[in-house]
Amino acid sequence: MVSRATIITLLVLGLITSCYGQVKIGYYKGKCGTKDVESIIKGIVNARFAYDPDIVAFLLRLQFHDCLGDKKCDASLLLRGPNSEQTAVPNFTVKGYDLVDTIKAALEQECPGVVSCSDIIAAATRDAVVAAKGKYFEVPMGRKDGMVGLASYVDLPAPDIPVSKALKYYGDQGFSPFETVVLLGGHTVGVTHCNVIKDRLFNYKGTNKPDPSLNAFYVFFISSFICKNDPSTDTNVVFLDGPDSVRTVDNLFYQKLLEGKGVLPIDNALAFDSSTSSFVKTLAGNNDYFLDLFGKALVKMGLLGVYTGNQGQIRKVCYKTN
């Protein structure tokens with residue numbers, strides 16, 4: 001008998017095909033003289049990760065916000081200026097721009113005008129995931145960079161979005177409910193701040209009590225030591241995964257959800273909603289399975305609305321158009 005997990009895998013693999021259009025695996029082979037573009041990117045990412053392992057969370061969030069914010073993986077989030085995407089509220093705390101700039105500068109020295117900023121985001125995020133004990137996956141490349149990025153274009157789901165609306169949001173971009181749960185696994189290395197979750201700890205829906213779906217001991221720990229009921233703790237950082245794997249890409253995130261330790265409302269709800277709970281259980285039970293699918297889901301997300309051919313441009317620097 002074919003297992004449920006196998007059926008789900010086949011469905012996902014059917015959605016994530018090997019036909020990428022004008023972007024392709026190995027796109028830069030031979031395009032930078034004798035230099036290997038992906039090796040250059042990997043070397044810089046690994047050097048950063050060695051002293052700043054939080055970079056994996058920064059890059060994952062940067063790619064998510066670039067691709068999903070305006071439904072285009074075109075590095076428009078990197079553009080600076082008044083009314084840019086960076087000025088939209090959901091992007092206030094996005095980080096990792098400096099690493100992308102460093103990679104771009106290194107590649108411009110080796111082969112000017114060849115590698116796009118949007119490809120750098122995709123490859124660097126992959127390499128950071130691998131550095132954090134994720135599985136290697138091939139990234140198709142050949143994207144061009146967008147020339148416009150405005151705050152008014154940004155449409156990202158709030159952390160307290162209901163599961164049904166989250167599934168619709170991702171579904172509108174072509175992701176199945178299972179793929180959506182896989183993508184949200186990026187929170188395995190994510191962080192938030194106390195001001196985002198205090199209502200769940202102290203006054204859930206105006207009850208003056210914590211969210212009943214949260215693990216009671218977890219509430220006690222967080223509210224006693226990290227997010228006290230005091231404005232002075234509003235900016236304190238809260239890891240979205242347990243302290244034993246906050247800088248590791250793994251399925252322990254899903255295991256924590258099943259224990260009622262989902263920090264963000266949407267994460268915790270995934271484990272209890274009838275439309276997603278079985279997916280959480282499946283992913284919680286097999287780390288290799290999650291890692292395989294996570295890489296495939298990132299590849300699929302990285303192809304949203306890409307510019308190729310005569311569309312867009314290859315920026316000389318990533319924070320402004322040519």
Side-chain angles (χ1 to χ4, degrees), residues 3-9 11-12 56-57 60 64 129 132-135 157-167 169-171 175-192 194 196-201 204-205 209-227 237-298:
S3 69
R4 186 175 189 279
T6 300
I7 293 173
I8 292 175
T9 300
L11 289 172
V12 173
V56 61
L60 275 170
F64 269 69
V129 166
K133 299 185 179 180
K135 281 191 177 181
D160 61 350
I161 187 174
V163 171
S164 59
K165 291 187 177 180
L167 296 182
Y169 176 89
Y170 285 92
F175 295 100
S176 70
F178 186 59
E179 288 175 304
T180 298
V181 177
V182 171
L183 274 178
L184 290 174
H187 289 166
T188 179
V189 290
V191 301
T192 189
C194 288
V196 175
I197 64 168
K198 276 192 174 179
D199 60 330
R200 298 187 70 212
L201 299 175
Y204 181 67
K205 295 186 176 180
K209 296 179 181 180
D211 182 343
S213 70
L214 282 172
N215 178 283
F217 177 78
Y218 188 66
V219 170
F220 169 77
F221 177 79
I222 296 290
S223 60
S224 298
F225 300 103
I226 302 174
C227 300
V237 170
V238 184
F239 291 105
L240 302 184
D241 199 352
D244 46 351
S245 65
V246 295
R247 292 182 175 88
T248 302
V249 175
D250 59 23
N251 73 329
L252 287 182
F253 167 73
Y254 297 103
Q255 295 176 27
K256 299 297 183 185
L257 298 189
L258 294 175
E259 297 170 2
K261 298 177 182 178
V263 176
L264 296 180
I266 179 58
D267 290 346
N268 210 54
L270 292 175
F272 301 101
D273 191 283
S274 60
S275 60
T276 54
S277 59
S278 63
F279 302 145
V280 173
K281 292 175 183 176
T282 296
L283 295 167
N286 191 320
N287 189 50
D288 285 341
Y289 184 54
F290 162 64
L291 294 179
D292 284 337
L293 295 184
F294 187 58
K296 291 178 173 65
L298 288 180

Using the ring of each side chain (for Trp, its six-membered ring), is F217 parallel, tilted or perpendicular to F221, with breaks at 30° and 60°?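 Parallel.
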
Out of curiosity, [X] [atom1] to [Y] [atom2], how far, rounded to the nearest 0.5 Å?
X: L264; Y: L184; atom1: CG; atom2: CG; result: 9.5 Å
X: K296; Y: L183; atom1: NZ; atom2: CG; result: 13.5 Å
X: Y254; Y: F279; atom1: OH; atom2: CZ; result: 11.5 Å
X: I161; Y: I266; atom1: CD1; atom2: CD1; result: 6.5 Å
X: F178; Y: Y170; atom1: CZ; atom2: OH; result: 15.5 Å
X: N268; Y: L214; atom1: CG; atom2: CG; result: 5.0 Å

Indicate the atoms forming the closest heavy-atom contact of [X] with [Y], along with that distance.
X: K281; Y: L258; answer: CG-CD2, 3.8 Å
X: Y204; Y: P210; answer: CB-C, 3.8 Å
X: L257; Y: A271; answer: O-CB, 3.5 Å
X: I226; Y: V237; answer: CG2-O, 3.7 Å
X: D288; Y: N286; answer: N-OD1, 3.1 Å
X: V163; Y: A269; answer: CG2-CB, 3.6 Å

Any Lys/Arg nitrogen of K135 or D292 sitting under 4.0 Å from an Asp/Glu carboxylate oxygen of the other?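 Result for this pair is yes, salt bridge flagged.
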
Flag the pair [X] / [Y] as yes when at least one side-chain heavy-atom distance between them is below 4.5 Å, and no otherwise.
X: R200; Y: P265; result: yes
X: F239; Y: V263; result: no
X: V280; Y: F253; result: no
X: C227; Y: V238; result: yes
X: L298; Y: L60; result: yes
X: T188; Y: L252; result: no

Donor-acceptor pair, side chain of [X] and main chain of [Y], under 3.5 angstrom:
X: N251; Y: A284; answer: yes
X: S213; Y: G260; answer: no
X: Y289; Y: T282; answer: no
X: S245; Y: T248; answer: no

Does the pair D160 and D199 meet the rule for a side chain to side chain contact (heavy atoms under 4.5 Å, CB included), with working shown? CA-CA 11 Å; D160 61 350; D199 60 330; 5.8 Å; no

Check the pair T180 / T276 against side chain to side chain contact (heavy atoms under 4.5 Å, CB included), numbers first and verdict last. CA-CA 9 Å; T180 298; T276 54; over 6 Å; no

